[in-house]
Amino acid sequence: MLDNNNITASGWNAFSNIVCDQSSIDKTHRSNHTLSLIASFGAVKIAGGRMYDEDGVIPNRLFELMEFNVCRNKKLVARHKILDCHFKGDFHMEPFVETNMEMKVLPHMLSWAGRT
């Protein structure tokens with residue numbers, strides 16, 4: 001429980017970065033996939049439990065990321081975080097081309113991304 005902690009936006013960003021480092025696909029894969037509970041004074045939000053932070057201190061995005069961690073299959077958690085952070089919205093192929101990914105690897109990567 002984080003009572004009267006005065007955690008700044010920078011501090012909450014650090015928590016988010018631990019749960020899901022979005023700076024690269026590899027770092028997202030190596031992020032924490034077990035943290036699923038954070039509480040602030042007078043309120044608690046449990047990922048998967050649909051509880052909420054009444055005082056609005058804890059960022060919703062952090063709870064969205066922790067929601068993935070509820071799943072016991074941590075390989076699936078990693079895949080969902082990677083898809084959520086790197087393969088939605090305005091997805092661009094440049095990072096794969098810039099790193100000289102062999103074209104024969106691309107279908108396997110897309111197949112991996114499509115698994116459920």
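Throughout, residue positions are numbered sequentially from 1 according to the sequence presented. What's counted below: heavy atoms across the whole structure, side chains too, no hydrogens, waters or symmetry copies.
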Of all the heavy-atom pairs spanning S36 and V70, show the shortest one and how long it is.
-> CB-CG2, 4.1 Å
Measure the spacing between NE2 of H33 and SG of C71 and express it to the nearest 0.5 Å.
-> 11.0 Å
Contacts of N32 meeting side chain to side chain contact (heavy atoms under 4.5 Å, CB included) (sequence neighbours excluded), chain-then-number -> I18, T34, L35, N69
Salt bridge (charged side-chain N to carboxylate O under 4.0 Å, His left out): pairs with one or both residues in residues 10-26, sequence neighbours excluded | D26-R30
Could you give the distance from OG (S23) to CG (N17), rounded to the nearest 0.5 Å?
-> 6.5 Å
Shortest non-hydrogen separation from F68 to V77 and the atoms involved = O-CG2, 3.1 Å
Count the heavy atoms belonging to other residues, nucleotides or ligands that lie under 6.0 Å from NZ of K74, then report whether that count exceeds 12.
-> yes
Gap between atom CE of M66 and atom CZ of F15 - 0.5 Å precision = 9.0 Å
Who pairs with T28 by side chain to side chain contact (heavy atoms under 4.5 Å, CB included), at least two apart in sequence or on another chain?
-> C20, K81, I82, H86
